[in-house]
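Note that the coordinates shown come from a computational prediction; the quantities given were computed from them, not determined experimentally. Lettering of chains follows the sequences in order, A, B, ..., and the numbering in each one begins at 1.
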Amino acid sequence: MITRDPIDVPYTTNPLLSLWYTVAVGAQDVGRATLLIVQSLAGVRRLFSKRGRPAFVEQLYTVGIASLPLITIVALFIGMILALQTGLELRRFNQEIFIGSAVMVSMLREMGPLMSALILTACVGSAMAAQIGTMTVNDEIAALEMLAIDPVRFLMTPRIWALVIMTPLLSFYTCVVGVIGGGVVGYTQLNIQWVQYFDIAIDFARERDLYVGLLKAVIYGIVIAGVACYEGFTAAQGAVGVGRATRSSVVKSFLLILILGYFVTRGFYNG
Amino acid sequence: MIKFENVVKRFGRRTVLDDISFEVVKGEVFVIVGPSGTGKSVALKHMVRLLSPTSGTVWLNDVAVSRADGLELQQAREQFGYLFQGGALLGWMTVAENVALPLEEKTAMSQEEIARRVAEVLEMVGLEDDGDKLPSEISGGMQKRAGLARAIVCNPDIVLYDEPTSGLDPVTSRTIDRLIKHLNTTLGVTSIVVTHDLHSALSIGHRIAMLHGGKVIEIAPPEEFIKSTHPEVIQFLEAQFITKTWRKDINV
Ligand SMILES: Nc1ncnc2c1ncn2[C@@H]1O[C@H](COP(=O)(O)OP(=O)(O)OP(=O)(O)O)[C@@H](O)[C@H]1O
Ligand SMILES: [Mg+2]
């Protein structure tokens, strides 16, 4: 419970002190969110118990299946856009047959994990923050605590693990659909044969790119669930509080995904 | 049994509880009244450390609940049943599942025993026919009664009732009053009741405390409470047409 008590910000009119409090509260927020993530991941055993399994399966379904239509459309068009842009550029050098490699590499390394993470933030993370925020505001979380049920393991563990498992899968799926989308553009716009396109695409696919992409997806999954649940658990009073928690979870997830994505890329591909 | 010692609670720049001290005695029905937004619910939450005081201490017997943590806090909380102001039922579970939740998570009772106990408490609150409905399918007053059923299902020593009768019709309200009184007299449940309903406060309470502007401005047994000379108390009494001649004539 200590990780979810609202942080008391002392009131002050001194601008310097107030800036200091903002920084201090921000640091405290990060620390507590991290702790919450560790606690929820550590609750993994509950997922396999008779009482915990249904909630977990439901979350897997919500995360994995519910966002599938949107992910398919977005992935398809991302692949098509990538193929068209690079294809038009490469055509100037009569090299358009290499669009397969361009699409494959950018999907595996960046676009697959990034796009699926952004969609999951918007579709799944926001709903999570809103649901848990509503439960906080309605004292349902407090009620769980009074019944000696740990809300973190009861609510957050199935959600975070569902995202940890589903984000890489969806990210891989995004890559596949994106590459197919690229092939469609290659065939219809650039006169590249299917076989040729896929030969080159698969030729340029590196295992390492796949693994780094999947690692990113796992990190994104943890970020999405961690931020959404933390914002939900710390939602302030009333419907306004729930709205703010939802918005803030989407904004923070977006930023963290972009920033962490950059650093992971830099870590694996320097020089 | 429960003692507030100079408890101050601030949210940002707002002081909600302003240096509050009082003690609830074991076995009594302690009623807290006061206008909306004076911190009655906040005070109740301090008793089980759902909120922590900015300064001051809340004691449960000789445990400083307001600083307790981990196992100590859990053991303290286990003595309590808590009816939240809005019922606080889990939306995706039926009424009966909600009520059964503490038994299933906390005790080693068999499914039949749990079902029997759940049916028993649902009948006590008059929801025997609504066990398999979802909270969204029943009225606010029924949700509150379901929350009450969940609060008492584990036979706690102390029950905190946050507005148990608000939003209920007068007849059901008196039934709930009778239930609170019944639990208190037959099982010795120490009860702390937050309410706006002075009729029920006067008829079930052993002592009534009035919270106003973050302070406890009056603590007295019902007979003395209605004779209080505090202007706020008088105003509060008169608003509900209770004069000094009010008699404890409700049969609870
Ligand atoms: N978690 C919180 N964060 C910030 N402010 C809060 C919080 N909880 C309560 N408050 C504020 O404390 C004040 C007292 O709230 P409380 O819910 O205790 O009132 P109450 O006496 O129970 O009123 P009512 O009769 O309407 O239930 C309110 O102004 C509320 O806005
Ligand atoms: Mg209240």
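Considering every non-hydrogen atom in both A:Asp139 and B:Ala88, the closest pair reads O-CB, 3.6 Å. The nearest pair of heavy atoms linking A:Ala148 to B:Gln74 is CB-NE2, 4.2 Å.
In this view, B:Phe22 and B:Phe4, B:Phe30 satisfy the ring-ring contact (aromatic ring centres under 6.0 Å, His included) rule, not counting sequence neighbours. Under the rule for a ring-ring contact (aromatic ring centres under 6.0 Å, His included), the partners of B:Tyr82 that lie at least two apart in sequence or sit in another chain are B:Phe84.
Using a 4.5 Å heavy-atom threshold, the side chains of B:Glu105 and A:Phe154 count as touching.
Distance CG/B:Leu90 to CG/A:Leu155: 8.0 Å, rounded to 0.5 Å. Separating the CG atom in B:Leu101 from the CG atom in A:Leu147 is a distance of 6.0 Å, to the nearest 0.5 Å. Summarising the geometry, atom CD belonging to A:Glu145 is positioned 8.0 Å from atom CG belonging to B:Leu73; distances are rounded to the nearest 0.5 Å.
With a threshold of 4.5 angstrom between heavy atoms, B:Leu83 does not approach chain A through any atom at all. Heavy-atom distances place no part of A:Tyr21 under 4.5 Å from chain B, backbone and side chain included. With a 4.5 angstrom heavy-atom cutoff, A:Asn138 touches chain B only via backbone atoms.
With a 6.0 Å radius and a threshold of 12 heavy atoms from other residues, nucleotides or ligands, A:Trp20 has its CH2 atom at or below the threshold. At most 12 heavy atoms of other shown residues, nucleotides or ligands fall within 6.0 angstrom of atom CD in B:Glu123. Other residues, nucleotides and ligands place no more than 12 heavy atoms under 6.0 Å from the CZ atom of A:Arg244. The neighbour count for A:Arg51 CZ, taken as heavy atoms of other residues, nucleotides or ligands under 6.0 Å away, is above 12.
The interface of residues 140-166 of chain B with chain A, defined by heavy-atom distances below 4.5 Å, comprises B:Arg150.
Sorted by first then second residue, the salt bridge (Lys or Arg N to Asp or Glu O under 4.0 Å) pairs that include residues 214-224 of chain A, not counting sequence neighbours, are A:Glu110-A:Lys216.
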Could you go step by step and tell me if A:Met146 and B:Leu50 meet the side-chain contact (heavy atoms from CB on, under 4.5 Å) rule? CA-CA 9 Å; A:Met146 286 310 296; B:Leu50 287 170; 4.1 Å; yes
